[in-house]
Amino acid sequence: MQLPSELKELSRLNYQRLTEKHPVILSWPASLKQQLEYVLGLSDFLFEVLMRDEQLCEAFPSMIQSKSRESGYRQQLQQALSAETDETLGELLLRRLRNREMFYIAWRDFLADWSLQESLSHLSELAEALIFETYQWQYSLCCQLWGTPVNQAGEAQPMLIIGMGKLGGGELNFSSDIDLIFAYPENGETAGTRRSLANAQFFTRLGQRIIKSLDQQTAEGFCYRVDMRLRPFGDSGPLVMSFAALEDYYQEQGRDWERYAMVKARVMGREMYPCYQELRQMLRPFVFRRYIDFSAIQSLRRMKSMIQSEVRRRGLVNNIKLGAGGIREIEFIVQSFQLIRGGREPSLRKRGLLETLDAVLELDLLGTTEVDHLRDAYLFLRRLENLLQALADKQTQTLPDDEISQQRLVTALEMESWEILLQTVHSHMDRVHRVFGTLIGHEEENEETPVEPVYQELWDMADRPEVVADILQKDLSFATESNIADALLQFKSELAKKTLGPRGREVMNHLMPKVFQTVFNHPDAQFGFPRVLYLLQRIATRTTYLELLDEHPAALAQLTRLCTASPMISEQLARYPILLDELLDPHQLYHPIPLDEYRVELRDFLARIPQDDMEQQMEGLRQFKQICLLRIAAADIAEVLPVMKVSDHLTYLAEAIVEAVVNQAWEQLKEKYGEPTHLRQRNGKGFAVIGYGKVGGWELGYNSDLDLVFMHDCPADVYTDGQKEIDGRQFYLRLAQRIIHIFSARTPSGILYEVDMRLRPSGASGLLVTPVSAFAEYQHQEAWTWEHQALVRARMIYGDELLAEAFMETRHQVLSLARDESVLKQEVIDMREKMRQHLSEKKPGRFMIKQDRGGITDIEFLAQYLVLCYSNRYPELARWSDNVRIFESLMHVGLMSQEQMLALTRAYTTMRDQIHRRNLLNLDADVSQEKLSAEREAVIQAWQQWLV
């Protein structure tokens, strides 16, 4: 038990500081002091806990006599919390006990004084005790405040806390988050106090208090980071659900990754086992199918692919959990057997990985050698993970770069050197990855087509202009004046200046002939070739992406097709290479997310990012948007989606992002200030986002910004309920500011959307967020006609039902006002002329699709005029906010002929389609004067009929 010289001095200084502060340590037995000197060189966490806790210094010699402490955790906590009514003191007790017991566990880990299984068991039992005793304590306090929750029969209702992941499997790691789901058996109300609460409300408050007790950072630290994102609907779902609601969700909407998560689910607290059986029986058919379910393999492949994308995105190197052959792959292998065969084989329904691996061997699903490799790798990597995290109580699975941390791990694992430790890690991970590749494999790929020698020669000679010109002209039949030779010579020249490293150059040399063959077989290679080279230039130093294209011919083919069709897409891929992962699955690439799934997919996407990492959450929003834009554009190019559907997808994507941004901003403010108190007796946030213009009319384009107005219904005398109390309306102002910041902040993936707030009441000088009553008053008394025109294309895209009703009522009333037809007509014409003068950008011989006479804006103004003019007589005209359905409504009430309605609709959709096409080509929204002449004529005729 010797420390190397580098760590001895650190240990000596720590020991000196410690004994000066807590002289009681000098009375420890000599053997224990010797062990202390050893571990002080290995762990900052152990040193910091002792420095902070004098009572631990006194108690530890007797604590360490015990070879197992897990059976006493619950009793210790019960005694400490039973008489405690002060939450602050209770949270202090929780943290002190947690730190003391974690100290004991880390001590024995560093001394290799017990098995990995004993360590994991203690960590899991400690977490369960802290969670469940916190629940018991807070349940009692909540019952005193609000009564006891009961069902219809008057029976008291508990709340079940379901531990997921490693907590559920009894394999928690040292600095792990805890993934929880809260549930209760039946609905009802509280009894025993003057004012009752619905059970759902009681348990929501209880759940919030439990999370705060465990998660909140104090001077003593925190117990655990609590992650609730595995619950139904993720962050946007209710915090607690009844058994019936859970069953409905998993039967109707449960997703493959939720099956995977549920394999390890376990209720906290043995007392709850009888109550949990009912819920477990409900969920079993969802998790374990009665038949052998080979579809699970594809789901696991997809999840693994997403994890690999995450590793690439975050630049994770030497990650023993997420890297190839890491802990996650071992878990995938074992859980694939559980998901595929667990419905038929009860022995595969166990939660622990090692016991399930034993069942896999007994059932002869894997050979003895493979099982041994998986078990050995798991034991080694999990021990390494625990030691790595116990260095400083940090949640990390990435091997350290600094020499001190490396030396500490080498010493604790009794290795000879860091190089040997790395070799051992890679040896274990390579064996695991081989099993993983054989069993689960990767996304299906096309067989590689042999590369023709001419393309290899072209790359080898790409720095010799005369040879390149000769090959292109004679062998590949490209004209000498084509831009291909110049693009290739410049690419090779620029590449020579980059630091690729041996592996990067090897991959590039292997990849480029494939690129040439793929691109030159495309009929429009002269357009696609420079764009593909531009992208490769941008990612040349990122070997992982070059390997992706080298190993997946299908991805390279999709890249060529998309870059050739659209410079917008090629620039997007070059700017954000993480999008290249989307090319692996052509079926998914050309089939965008179903319209009603954007919210769910975004929740799932963000669930992989730590909730408290705001920068990564903001980055995640941008990456999700880019991935979706790529899929929509790909489907557009492939003509899978007509123009109306393209806009629908872009609009539903924007709405999902708006909801996520509001939720993120809300959570950030709620943590600081609490919530406005007028929300206590209702669901929702008392906040709404109104979309105007293109988002209001379901007509977003690829480059559209968002015209938004924010509203709230907070009374003037309301304050927030957090520790830092502020005025309710001030809270909503800060919420609006935070939302705009999340949209407009520039991260590595750019901004999210340009947000235009100028359509709010009083424009740029008005309040950033408007009370509902003030919005209605402004629209009725102060708004100009052009603002009423804008209101035609407005709808609520996020918000509570109460605000939705209030907004719709105001909109309908304002649009249906009786107006003087001649005055209205003149005001609309004047505004149209003013816009044309300010915005029209004349190009000789070109038709500007938006602003020229007979263009998009004329169609929009015509629709707005007719709604404002006739909604007083025909209220149904005020229903829709998109132009196509407005024209249909005008036909249904008899104001417009079917012929004119179809002509205007055709003109509108055709022009929008042209704008979409030109967006994809990075071109301005103008076409030759001769184009769209029939469509323009139909618009001009309608304008003359109604507005002249």
Side-chain angles (χ1 to χ4, degrees), residues 45-46 48-60 63 66 69-107 121-145 158-163 166-167 172-180 182 203 205-228 239 267-272 389-390 393-395 611-612 671 723:
F45 167 72
L46 292 173
E48 287 162 6
V49 171
L50 277 182
M51 284 290 285
R52 214 166 44 219
D53 193 341
E54 186 172 7
Q55 289 180 351
L56 177 60
C57 296
E58 295 169 358
F60 188 67
M63 280 177 66
S66 170
R69 293 182 58 79
E70 57 191 336
S71 60
Y73 290 150
R74 291 275 307 274
Q75 188 178 358
Q76 281 187 71
L77 279 162
Q78 280 174 0
Q79 289 173 353
L81 292 171
S82 58
E84 191 55 71
T85 57
D86 185 302
E87 282 194 80
T88 304
L89 291 176
E91 289 169 5
L92 178 65
L93 289 170
L94 290 170
R95 281 150 182 75
R96 283 190 176 163
L97 186 135
R98 182 259 183 196
N99 288 336
R100 288 169 186 173
E101 296 302 336
M102 292 292 275
F103 181 92
Y104 170 89
I105 293 167
W107 179 287
S121 176
H122 275 70
L123 288 165
S124 303
E125 289 290 340
L126 176 60
E128 180 172 347
L130 283 160
I131 293 164
F132 190 70
E133 293 308 324
T134 299
Y135 156 73
Q136 302 253 65
W137 171 54
Q138 285 287 3
Y139 183 88
S140 174
L141 295 179
C142 288
C143 288
Q144 291 171 34
L145 288 171
M159 185 174 83
L160 271 62
I161 302 177
I162 302 165
K166 290 187 173 68
L167 172 62
L172 202 65
N173 49 291
F174 192 85
S175 297
S176 180
D177 291 357
I178 51 173
D179 295 289
L180 305 177
F182 296 153
F203 287 122
R205 293 183 183 182
L206 171 61
Q208 289 167 340
R209 289 171 69 130
I210 292 169
I211 292 168
K212 176 177 171 289
S213 294
L214 295 171
D215 192 288
Q216 183 166 290
Q217 186 80 34
T218 71
E220 295 284 331
F222 61 95
C223 293
Y224 297 98
R225 287 171 294 269
V226 179
D227 193 334
M228 301 296 299
L239 189 65
V267 74
M268 300 289 99
R270 290 173 181 77
E271 302 92 312
M272 296 299 180
Q389 294 182 349
D393 196 13
K394 298 280 191 236
Q395 187 189 25
Q611 194 169 6
D612 57 357
E671 184 177 350
Q723 287 185 347

Distance from [X] atom [atom1] to [Y] atom [atom2], nearest 0.5 Å?
| X | Y | atom1 | atom2 | answer |
| --- | --- | --- | --- | --- |
| Met102 | Gln389 | CE | CD | 8.5 Å |
| Phe182 | Ile161 | CZ | CD1 | 5.0 Å |
| Leu46 | Tyr104 | CG | OH | 13.5 Å |
| Leu123 | Glu128 | CG | CD | 13.0 Å |
| Leu130 | Leu214 | CG | CG | 7.0 Å |
| Gln216 | Thr88 | CD | OG1 | 8.0 Å |

Results of side-chain contact (heavy atoms from CB on, under 4.5 Å) for [X] - residues two or more places apart only:
| X | answer |
| --- | --- |
| Gln79 | Gln75 |
| Glu58 | Val24, Glu54 |
| Ser140 | Gln144 |

Can you check side-chain contact (heavy atoms from CB on, under 4.5 Å) on Met228 and Asp179, steps first, answer last?
CA-CA 6 Å; Met228 301 296 299; Asp179 295 289; over 6 Å; no

Going by salt bridge (Lys or Arg N to Asp or Glu O under 4.0 Å), name the pairs with one or both residues in residues 88-100, residues two or more places apart or in two chains.
Asp53-Arg100, Glu91-Lys212, Arg96-Glu220, Arg98-Asp393

Contacts satisfying salt bridge (Lys or Arg N to Asp or Glu O under 4.0 Å) that involve residues 129-144 (not counting sequence neighbours) are Arg74-Glu133

Going by distance alone, is a donor N or O of one side chain under 3.5 Å from an acceptor N or O of the other, for Gln138 and Ser213?
yes

Could you check whether any side-chain heavy atom of [X] comes within less than 4.5 Å of a side-chain heavy atom of [Y], counting everything from C-beta outward?
| X | Y | value |
| --- | --- | --- |
| Asn173 | Lys166 | yes |
| Tyr139 | Pro158 | no |
| Gln76 | Arg69 | yes |
| Asn99 | Arg52 | yes |
| Ile131 | Leu180 | yes |
| Leu141 | Arg209 | yes |
| Leu172 | Leu126 | no |
| Thr218 | Leu92 | no |

Could you go through Phe222 and Asp215, starting from their C-alpha distance and side-chain angles, then the distance that decides it, and tell me whether this counts as side-chain contact (heavy atoms from CB on, under 4.5 Å)?
CA-CA 6 Å; Phe222 61 95; Asp215 192 288; 5.9 Å; no

If you compare all heavy atoms of [X] against all heavy atoms of [Y], which two are closest, and at what distance to 0.1 Å?
| X | Y | answer |
| --- | --- | --- |
| Phe132 | Met268 | CD1-O, 3.3 Å |
| Leu93 | Ala80 | CD1-O, 3.3 Å |
| Ser124 | Leu167 | O-CD1, 4.1 Å |

Counting the benzene-type ring for Trp, do Phe103 and Phe45 have ring centres under 6.0 Å apart?
no

So does Leu206 get a backbone contact from the side chain of Tyr135, meaning a donor-acceptor N/O pair under 3.5 Å?
no

Side chain of Trp137, backbone of Glu84: donor and acceptor closer than 3.5 Å?
yes

Working for side chain to side chain donor-acceptor pair (under 3.5 Å), residues Ser176 and Gln395:
CA-CA 6 Å; Ser176 180; Gln395 187 189 25; 5.0 Å; no

Counting only heavy atoms not in Gln217, do more than 12 fall under 6.0 Å of its CD?
yes

Apply side-chain contact (heavy atoms from CB on, under 4.5 Å) to the pair Leu77 and Leu97, showing each step before the final yes or no.
CA-CA 8 Å; Leu77 279 162; Leu97 186 135; 4.2 Å; yes

Can you list the steps and then say if His122 with Tyr73 is a side-chain contact (heavy atoms from CB on, under 4.5 Å)?
CA-CA 9 Å; His122 275 70; Tyr73 290 150; 3.3 Å; yes

Restricting to side chain to side chain donor-acceptor pair (under 3.5 Å), what partner residues turn up for Asp227, sequence neighbours left out?
Arg229

Could you tell me whether Glu48 and Lys394 have a side-chain N and a carboxylate O separated by less than 4.0 Å?
no

